[in-house]
Amino acid sequence: MSEMVAIDLPVEPESARRAREQLKPFRDAVDATSFVDLCLLVNELVVEALHGKDSHSRQIELRAELDGGRVKVAVAEGGGAYRLPSRRPEPGDPGFGLHLVQRLSDRWGMRRERDKATVWLEMLATHPAGTV
């Protein structure tokens, strides 16, 4: 069984909660701690997108899927957020969401295009795809 979520969220504070709710289909794919981490990471990436310098004119894209024993997530915004910090950030500092992604995900990366920045992450599933 393959689960997939694709939603475009408005650039508003309520979008962080809506993004977390969209992850419910993956609750049984990962252990309880990993699911909490997954929700935290998506929340932080959405919050960071809200504070990007181009956030006034863009939507936030959330894509998530269970694929081959991994939960894969991508969060994209208009290009003003997702800057790697030069030091270890504190909660609330720019780049704190990326710091958490680096620490808590199994794999991650970032893509920049002319008008879009995307952060992707992967977390190992508890059960291989199709056995949940």
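The structure displayed is predicted, hence computed values, not measured ones.
Looking only at atom types and distance, the side chain of S34 has no donor-acceptor partner in the side chain of D37 under 3.5 Å away.
The heavy-atom pair separating L50 from P13 by the smallest distance is CD1-CA, 3.8 Å.
Side-chain contact between V42 and L23: present, with at least one pair of heavy atoms (C-beta onward) separated by less than 4.5 Å. Considering only heavy atoms from C-beta on, L9 stays 4.5 Å or farther from Q59 through its side chain.
Annotation: salt bridge (Lys or Arg N to Asp or Glu O under 4.0 Å) contacts of E44 (sequence neighbours excluded): none. With sequence neighbours excluded, no residue forms a salt bridge (Lys or Arg N to Asp or Glu O under 4.0 Å) with E12. Judged as a side-chain hydrogen bond (donor to acceptor under 3.5 Å, both in side chains), and not counting sequence neighbours, R18 has no contacts. For K116, the salt bridge (Lys or Arg N to Asp or Glu O under 4.0 Å) partners at least two apart in sequence or on another chain are E61.
The structure places NE2 of H99 at 8.5 Å from CD of E90, a figure rounded to the nearest 0.5 Å.
Sorted by first and then second residue, the pairs that involve residues 104-114 and meet salt bridge (Lys or Arg N to Asp or Glu O under 4.0 Å), not counting sequence neighbours, are R107-E122. For the salt bridge (Lys or Arg N to Asp or Glu O under 4.0 Å) condition, the pairs that include at least one residue of residues 92-104, sequence neighbours left out, are R87-D93.
The residue from R20, E48, R17 that alone fulfils the side chain to side chain donor-acceptor pair (under 3.5 Å) condition with N43 is R20.
Criterion: ILVMFWY side-chain heavy atoms under 4.5 Å apart, direct or through other members. Under it, V47 and L40 are not part of a common hydrophobic cluster.
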Before giving the answer on side-chain contact (heavy atoms from CB on, under 4.5 Å), spell out for L62 and Q22 the whole-Å C-alpha distance, their side-chain angles and the decisive distance to 0.1 Å.
-> CA-CA 9 Å; L62 171 64; Q22 294 298 312; 4.0 Å; yes
